[in-house]
Amino acid sequence: MKINGKFPAWKKKKRKNNDEKRVKNGTNIVSINGISRQNGGQDPNLAMLSVKKKKRLRKKKINGTAKIQMKEELMNSTVQMTNGVLTKKTNMEMKQIITASSPPKTKIQSMTPKSVNNNSTPISKKPNAAIPSKNAEPKPKNSPREDATYEKFIRPQLPIDVVEQQLMHELASQETLIVIGETGSGKSTQVPQLCVRAGIAEKGLIAVTEPRRVAAVSLASRVAVEMGTDLGGTVGYHVRFENVTSHRTKIEYMTDGIVLRKALVSPLLDKYSTVIIDEAHERSLHSDVLMCILRKCQAQRRSTDNPLRLIIMSATLQADKFQAYFDNAKVVLVSGRTFPIEIHHVNPKINKSFSATDYVYNTVICVKHVHLTEPKGHDILVFLTGSEEIEAVAHQLAELNGSLPREADFILPVPLYAALRPEKQREAFQKTPQGARKVIISTNIAETSVTIPGIRVVIDSGKVKTKRFEASNRIDVLKVHNVSKAQAKQRAGRAGRDAPGKCYRLYTREDFQKFDAENMPEILRCNLSATFLELMKLGMKNPHRLGWIDPPESQNIDAALLELTSLGAIRPINSDRSKFVLTEMGDVFCMYPLSPEHARILFQAQKEGCIMEAIKIVAAMQTDALFSGGSDSKSDAEVERVRRKFETREGDHITLLKIVLTTNDFFDQLNAKTEADARYNKSNKSLEREYNEAIRKFCNDNMINEQHLKTGSMIEDQLKQIAIEQNVKFSTCGADLLKIRKAIAVGLFLNSCEYDRQEDRYRLMINPAITVKIHPSSALSRSKPAYIVFSELMKTNDLYALQVTLIDADWVRPLITEHKKIRKNHLAETAQRIQQIAKVEPKTKKQKLIVTF
DNA sequence: GAGCACTGC
């Protein structure tokens, strides 16, 4: 998947001149398709816009205002819920609401929730008259360009301004602070700046962690504008493949995963005086792990001259958990800035045409109702669970147009989900044509990851598809669940970004009351092995005794320990078998951003002498499907024909290798041609156009997803870089594919299966009670070899093995025997430990506050 | 012969 590195010379030069100041460890790769979600450095909010609009906005960037305004909309999207209010409002009342909310008034929460009452900061209602200048940050003298460009910027008022003095005071005096503020409060952009103004940044950087790349990049650029500095100057960001910071940087926006990687190299994180964890309420795996290790880190730095300050920022009022976890830390509340939203629940007594079970049917009925009753021009956003449902509804809505009254507008259904090709995704952001109403039918991608302008009505099915890990059988189960109350609120809020909105919920109010309050934290529903490996690198010995906000189930913890032990990454300490340490191999695994199984493949490949091939395959395994056939234009037969082209008898991993090698050849030829063209004085512009056009055609002909290809290529480079740092001797096996299959078999040996002719299914070798089917998308689904390994087991309607490779049973048998031995000991010890715990600690309810590694 | 939400290093 070699796209970058061999970049035409003309492109490299151009880049270098523009980006001298930037510190980039990523790859300078041209945007293959121009617009992408995983964009390399370009503004993520611009990324979703049409090319024309983008150009327009770029032009305006000189005076800063256009971009700022747009960011303002995107960053401070305003939400207010009139939760549960069903009353219809008259036009007059609606007008009043609109005048009252535009511009939305700053409102400060005067009441404090019960849970945080005793230690929360009382917030003054008086508007703050003496707010220090927003540009108090001294401007760097050596960069006149920055001053000229951004000097005149004055940011609009935000709700957080009112508590500014209060916050400054608390920031200076508290070791840990919890800031609760709903969307639009301005906390993500202002709190880091307040830290700088409070003088906290003198001792070290301010780190701000975000769960998504887009957020880290766009917040950094916004704050850079506000502080009158270049991106990468006083304010920078660091996400995977992209480090835009410099020695001058004081505020560093990062994804939470990056901070974790940094902690692995420098466990005390002493470069940072403050770590701000944003969006803590989302409870992402990384942010939970971070809170866990930062608490420990804080304790260790407490007595030094460089103590660590923690700020936990959350959008929901359920602060009690965080407060208890951080030793009764102070809580500051800031209100959001929002437009009101009318909530309508289904009432079965009135809405007789609704089905009790079929929410897809109800969706169509509801869209029709809304379309015929709501004012023209109000676009609709529908939340459903998956691509199949979405395409079905889109189809039915398109057909509905035939039966609408003559005066009604046209319904324009627009599907939106992550697996959709980028150019199709872009349609959701295009302006609605005259005489039509856009109905965007989306998965939960539209909940947080992307923001669509112009939405006035939300239709919420109340359902979401989530993946949960079944530790007992090591299976991922993908199932439709009810959303949480917080999630339903988030969805409704999407209707109130630009103006007052409405939300139709396709479930009764009684149903809503039964929903969980919050989303289930990721740590409770995923395989913990990779996380434990990282924590053990940091010195954790017994994960059962680690202080989590929500501790994972014992069974899940044990499953991860067993997996890591079997893979040879950790071993129990002889003196105390409930404690574990990393093995030498485990120490190497940690350096790779991979699951322990995938790291094991690389380790084995090194022994077998096929590390180059292994890196290509493992990198491709990290991306989503490279093939992007299905749903649009191309027929099933066509998709099948292209797929066959790459299929190999050895299985899907070798198929991946074939695709990557084919692509490499293509890029070699394309780059050679482009460089030759450059010598004939073709303009850079036309060269770039032809280059991108050729890539697009290649991907289209081969049904390869450009975006995933690009990501895979960058991961390949990253893995190679790490391998170099680990002094790995590079080797290639050429056409001898047996070696690479062996490496794959060893890494994935826990997933090896034997064919059962009678059942016509595969039995898991580590647990013969479980039988699985090879997914029909696999190259081996028809040939049914005797022994296979797979990448992943997925439970949908049946239990399917995904990504399958043909193996020799002798490669894995010794490993399986060893695994069974370990499991037996492990189980005996687990049983013993459980007995001991039951004796010593009868039902301890209160959570320990001291971290015990 | 099925059909897979979303992130992140």
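All chains are named by letter (A, B, ...) in the order of the sequence lines, taking the proteins before the strands, and each is independently numbered beginning at 1.
- OP1 and OP2 of B:dA2 both lie 4.0 Å or more from every side-chain N or O belonging to A:Asn797.
- The separation between A:Asn705 atom CG and B:dC4 atom C1' is 15 Å, rounded to whole Å.
- At a threshold of 4.0 angstrom between heavy atoms, the contacts of A:Thr255 are confined to the sugar-phosphate backbone, with no base atom among them.
- A salt bridge does not link A:Asp760 with A:Lys773: every distance from a Lys NZ or Arg NE/NH1/NH2 to an Asp or Glu carboxylate oxygen is 4.0 Å or more.
- Distance CG (A:Leu384) to P (B:dC6): 13 Å, rounded to an integer number of Å.
- Residue contacts for A:Arg261: at a heavy-atom cut-off of 4.0 Å it reaches a base atom on one of the strands shown.
- Between A:His775 atom NE2 and B:dC4 atom C1' the separation is 8 Å, expressed in whole Å.
- Residue-level contact check: A:Ser387 touches the backbone only, with heavy atoms under 4.0 Å from sugar-phosphate atoms and none from bases.
- If you check B:dA2, B:dG8, B:dT7 against the side chain of A:Tyr800, the one that comes closest is B:dA2.
- Along DNA chain B, the nucleotide nearest to A:Glu388 and the one nearest to A:Tyr592 differ in position, and the one closer to the 5' end is contacted by A:Glu388.
- Of the candidates B:dC9, B:dT7, B:dC4, the closest approach to any side-chain atom of A:Leu478 belongs to B:dC4.
- Rounded to whole Å, atom P of B:dC4 lies 13 Å from atom CG of A:Leu799.
- A cation-pi arrangement is found for A:Arg505 relative to A:Phe512, the charged atom lying closer than 6.0 Å to the ring centre and inside a 45° cone about the ring normal.
- Nearest to the side chain of A:Ile445, among B:dT7, B:dA5, B:dC9, sits B:dT7.
- Distance, A:Leu416 CG to B:dA5 P: 12 Å, rounded to whole Å.
- Rounded to an integer number of Å, the gap from A:Lys479 NZ to B:dG3 P is 15 Å.
- For B:dG3, one of the phosphate oxygens OP1 or OP2 lies less than 4.0 angstrom from a side-chain nitrogen or oxygen of A:Thr796.
- Salt-bridge annotation for A:Asp476 and A:Arg525: absent, with no side-chain N of the basic residue lying under 4.0 Å from a carboxylate O of the acidic one.
- Rounded to an integer number of Å, the gap from CD of A:Glu792 to C1' of B:dC4 is 9 Å.
- Of the candidates A:Ile390, A:Thr443, A:Val450, A:Val450 is the only one forming a side-chain contact (heavy atoms from CB on, under 4.5 Å) with A:Leu416.
- Place A:Pro593 and A:Thr466 on DNA chain B by their nearest nucleotides, and A:Thr466 ends up nearer the 5' end.
- Looking at the side chain of A:Glu522, the nearest of the listed nucleotides B:dC9, B:dT7, B:dA5 is B:dT7.
- For A:Arg240, whose side chain is taken as the heavy atoms from C-beta onward, the closest listed nucleotide among B:dA5, B:dG3, B:dC9 is B:dC9.
- Here A:Ile258 lies in heavy-atom contact (under 4.0 Å) with sugar-phosphate atoms only.
- Ranking B:dT7, B:dA5, B:dC4 by closeness to the A:Asn444 side chain, first place goes to B:dA5.
- Distances shown here put every side-chain N or O of A:Lys465 at or beyond 4.0 Å from the OP1 or OP2 atom of B:dC6.
- Whole-Å rounding puts the A:Tyr417 OH to B:dC6 P distance at 10 Å.
- With a 4.5 Å cut-off on side-chain heavy atoms, A:Lys271 and A:Glu252 count as touching.
- Between A:Glu518 and A:Arg283, none of the side-chain N atoms (NZ, or NE/NH1/NH2) sits under 4.0 Å from a carboxylate O, so this pair counts as no salt bridge.
- No engagement by A:Ile715 is indicated, since no non-hydrogen atom pair under 4.0 Å with the nucleic acid exists.
- For A:Pro776, whose side chain is taken as the heavy atoms from C-beta onward, the closest listed nucleotide among B:dC9, B:dC4, B:dG1 is B:dG1.
- Residue contacts shown for A:Thr443 are limited to sugar-phosphate atoms, with no base heavy atom under 4.0 Å away.
- One finds a side-chain N or O of A:Arg213 lying less than 4.0 angstrom from the OP1 or OP2 phosphate oxygen of B:dC9.
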